[in-house]
Novice: 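My structure is below; once you've seen it, I'll send some questions.
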Amino acid sequence: MQEMIELTTPRLLLRQWRDNDLAPFAALNADPRVMAFFPSPLTREASDAMARRCSSLIAERGWGLWAVTLRENNAFIGMTGLHRPDAQLPCSPCVEIGWRLAFDYWGQGYAQEAAHAALQAGFMRLQLPEIVSFTALPNVRSSALMARLGMRRDADPFEHPALPPGHRLRAHCLYRLTRAEWLHREGYTA
């Protein structure tokens, strides 16, 4: 078993999943505002299965898509972390950074704070050479966050293979950040 990584930021804890995370995670996955750029909201069963899969991958590797809570009151607000996508993408094999927060926590800088901690873990602790992120073209909020994190957008969009041809969300943009770029941006010297 790998050493389990947990991450702390000034306001957040990124940690292994717990049973009491399932209900608030299901609520955010059922919210059409949160799921606007996914094929559909998730059922409770699908949401629970996703959380359990995230938990098992963290237990196996020591890292993954962590549950995110507020340090001040332990409130569950969503997930953020690193993941190896199963789909064959233009960047495969790769490690992606992703996030999904409950709507009430949008616009407060939590996604960027959690994503920065995940990038730091990926580049410093895991020594990953590159981390990518991608989203459907209409998802300008996530694209803007990727840019704020210092990620570079590939010039050409790609068709996400998990979505059928003609689907409104099939066209995706891809962002990349190398370890060298991140170290430079963060002020580390070689």
Side-chain angles (χ1 to χ4, degrees), residues 1-87 95-122 125-126 131 133-136 138-146 148-149 160 162-163 167-169 172:
M1 177 174 288
Q2 293 290 322
E3 173 194 352
M4 196 163 320
I5 297 173
E6 289 193 340
L7 307 174
T8 304
T9 73
R11 300 182 295 167
L12 305 171
L13 174 63
L14 284 70
R15 60 160 172 75
Q16 177 59 292
W17 292 77
R18 299 178 184 157
D19 287 342
N20 62 353
D21 299 330
L22 296 178
F25 189 56
L28 77 87
N29 283 324
D31 186 334
R33 299 167 298 183
V34 173
M35 301 302 287
F37 300 107
F38 292 92
S40 66
L42 298 181
T43 64
R44 174 64 191 255
E45 295 76 23
S47 179
D48 287 357
M50 182 181 196
R52 287 189 180 100
R53 176 82 174 132
C54 291
S55 177
S56 69
L57 288 171
I58 292 170
E60 178 185 313
R61 295 190 298 230
W63 56 272
L65 289 164
W66 293 281
V68 180
T69 60
L70 297 177
R71 289 179 60 192
E72 68 182 358
N73 61 11
N74 294 318
F76 175 90
I77 67 168
M79 71 174 180
T80 302
L82 305 170
H83 178 69
R84 287 191 178 115
D86 294 329
V95 173
E96 71 165 308
I97 185 169
W99 46 84
R100 187 178 305 172
L101 300 184
F103 184 78
D104 290 346
Y105 299 99
W106 289 14
Q108 300 174 54
Y110 293 130
Q112 184 169 349
E113 187 173 325
H116 185 270
L119 287 172
Q120 183 171 14
R125 293 179 76 168
L126 303 175
I131 297 174
S133 196
F134 48 88
T135 191
N139 191 352
V140 295
R141 289 178 66 93
S142 280
S143 291
L145 177 52
M146 294 169 197
R148 284 195 307 276
L149 291 168
H160 198 291
L163 297 170
H167 192 284
R168 68 179 183 84
L169 299 175
H172 272 56

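Predicted model, so just to flag it, every value in this text is computed and none were measured. For this chain, numbers begin at 1 and follow the sequence in order.
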Novice: Of all the heavy-atom pairs spanning Met35 and Leu42, show the shortest one and how long it is.
Specialist: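 Scanning both residues completely, I find the closest heavy atoms to be CE-CG, 4.1 Å.
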
Novice: Hey, mind stepping through Met79 and Trp17 against side-chain contact (heavy atoms from CB on, under 4.5 Å) and telling me if it holds?
Specialist: CA-CA 9 Å; Met79 71 174 180; Trp17 292 77; 3.7 Å; yes

Novice: Before giving the answer on side-chain contact (heavy atoms from CB on, under 4.5 Å), spell out for Trp99 and Leu145 the whole-Å C-alpha distance, their side-chain angles and the decisive distance to 0.1 Å.
Specialist: CA-CA 10 Å; Trp99 46 84; Leu145 177 52; 3.4 Å; yes

Novice: Please examine the side chains of Arg100 and Asn29, heavy atoms only from C-beta on, and report whether any two atoms are closer than 4.5 Å.
Specialist: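 They are in contact (side-chain heavy atoms under 4.5 Å apart), so the answer is yes.
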
Novice: For residues 4-13, which residue pairs pass the side-chain hydrogen bond (donor to acceptor under 3.5 Å, both in side chains) check, not counting sequence neighbours?
Specialist: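 Every side-chain hydrogen bond (donor to acceptor under 3.5 Å, both in side chains) pair that includes a residue of residues 4-13, provided the two are not neighbours, is Thr9-Glu113, Arg11-Glu113.
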
Novice: Contact between Trp106 and Arg141 at the side-chain level, heavy atoms closer than 4.5 Å - yes or no?
Specialist: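 In contact.
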
Novice: Would you call the rings of His172 and His160 parallel, tilted or perpendicular if under 30° counts as parallel and over 60° as perpendicular?
Specialist: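 The arrangement is tilted - the two ring planes meet at 30° to 60°.
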
Novice: Do Ile5 and Trp66 have side-chain heavy atoms sitting under 4.5 Å apart?
Specialist: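 Answer yes - side chains close enough.
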
Novice: Which heavy-atom pair separates Pro85 from Glu96 by the least distance, and what is that distance?
Specialist: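 Looking at all heavy atoms of both residues, the shortest contact is CG-OE2, 3.7 Å.
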
Novice: Measure the shortest side-chain to side-chain distance between Trp63 and Val95 over non-hydrogen atoms and say whether it is less than 4.5 angstrom.
Specialist: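 In short, these two side chains touch, coming nearer than 4.5 Å.
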
Novice: Can you tell me how far the CG atom of Leu13 sits from the CG atom of Leu70, to the nearest 0.5 Å?
Specialist: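 Answer for the CG-CG pair, Leu13 versus Leu70, is 10.0 Å.
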
Novice: Please determine whether the number of non-hydrogen atoms from other residues, nucleotides or ligands lying under 6.0 Å from atom CZ of Arg53 exceeds 12.
Specialist: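 Atom CZ in Arg53 is not crowded, with 12 or fewer foreign heavy atoms closer than 6.0 Å.
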
Novice: Do you know the tightest heavy-atom contact between Ala118 and Gly81?
Specialist: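 What the structure gives for the nearest pair is CB-CA, 4.1 Å.
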
Novice: Is there side-chain contact between Ile77 and Leu12, with heavy atoms separated by less than 4.5 Å?
Specialist: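 Of all side-chain heavy-atom pairs linking Leu12 with Ile77, at least one is under 4.5 Å.
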
Novice: Pair Asp21, Arg15 - check side-chain contact (heavy atoms from CB on, under 4.5 Å), show working.
Specialist: CA-CA 11 Å; Asp21 299 330; Arg15 60 160 172 75; 2.8 Å; yes

Novice: Do Arg52 and Leu22 have side-chain heavy atoms sitting under 4.5 Å apart?
Specialist: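 In short, these two side chains touch, coming nearer than 4.5 Å.
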
Novice: Is it the case that the side chain of Asp48 and the backbone of Glu45 share a donor-acceptor pair, with hydrogens and angles ignored and the cut-off at 3.5 Å?
Specialist: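 Not a single qualifying donor-acceptor pair exists.
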
Novice: Taking the side chain as every heavy atom from C-beta outward, state whether His83 and Leu57 have any atom pair closer than 4.5 Å.
Specialist: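 The answer is yes; the side chains approach within 4.5 Å.
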
Novice: As an exercise, state the distance from CD of Gln120 to CG of Leu126, rounded to the nearest 0.5 Å.
Specialist: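 Interatomic distance, Gln120 CD to Leu126 CG, rounded to 0.5 Å: 11.5 Å.
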
Novice: To the nearest 0.5 Å, how far apart are CZ in Arg148 and OG in Ser143?
Specialist: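 The distance works out to 10.5 Å.
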
Novice: Which atoms form the tightest heavy-atom contact between Pro10 and Arg71, and what is the distance?
Specialist: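 Shortest heavy-atom contact: O-NH1, 3.6 Å.
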
Novice: Quick one, Phe76 with Leu28, criterion side-chain contact (heavy atoms from CB on, under 4.5 Å). Give me CA distance, side-chain angles, the key distance, then yes/no.
Specialist: CA-CA 10 Å; Phe76 175 90; Leu28 77 87; 3.9 Å; yes

Novice: Testing the basics here: between Ala67 and Gln16, what is the closest heavy-atom pair and its distance to 0.1 Å?
Specialist: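 Scanning both residues completely, I find the closest heavy atoms to be CB-O, 4.3 Å.
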
Novice: Is there side-chain contact between Thr80 and Tyr110, with heavy atoms separated by less than 4.5 Å?
Specialist: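 Sidechains of Tyr110 and Thr80: no contact.
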
Novice: Which value, rounded to the nearest 0.5 Å, describes the distance between Ile131 atom CD1 and Leu119 atom CG?
Specialist: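 If I round to the nearest 0.5 Å, the distance is 5.0 Å.
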
Novice: Specify the closest pair of heavy atoms between Leu101 and Val34, including all atoms of both residues, with the distance to one decimal.
Specialist: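 Answer, listing the atom of Leu101 first, then Val34: O-CG2, 3.7 Å.
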
Novice: Measure the CZ-OG1 distance between Phe38 and Thr135 for me, rounded to the nearest 0.5 Å.
Specialist: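 Spacing of CZ (Phe38) from OG1 (Thr135) equals 6.5 Å.
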
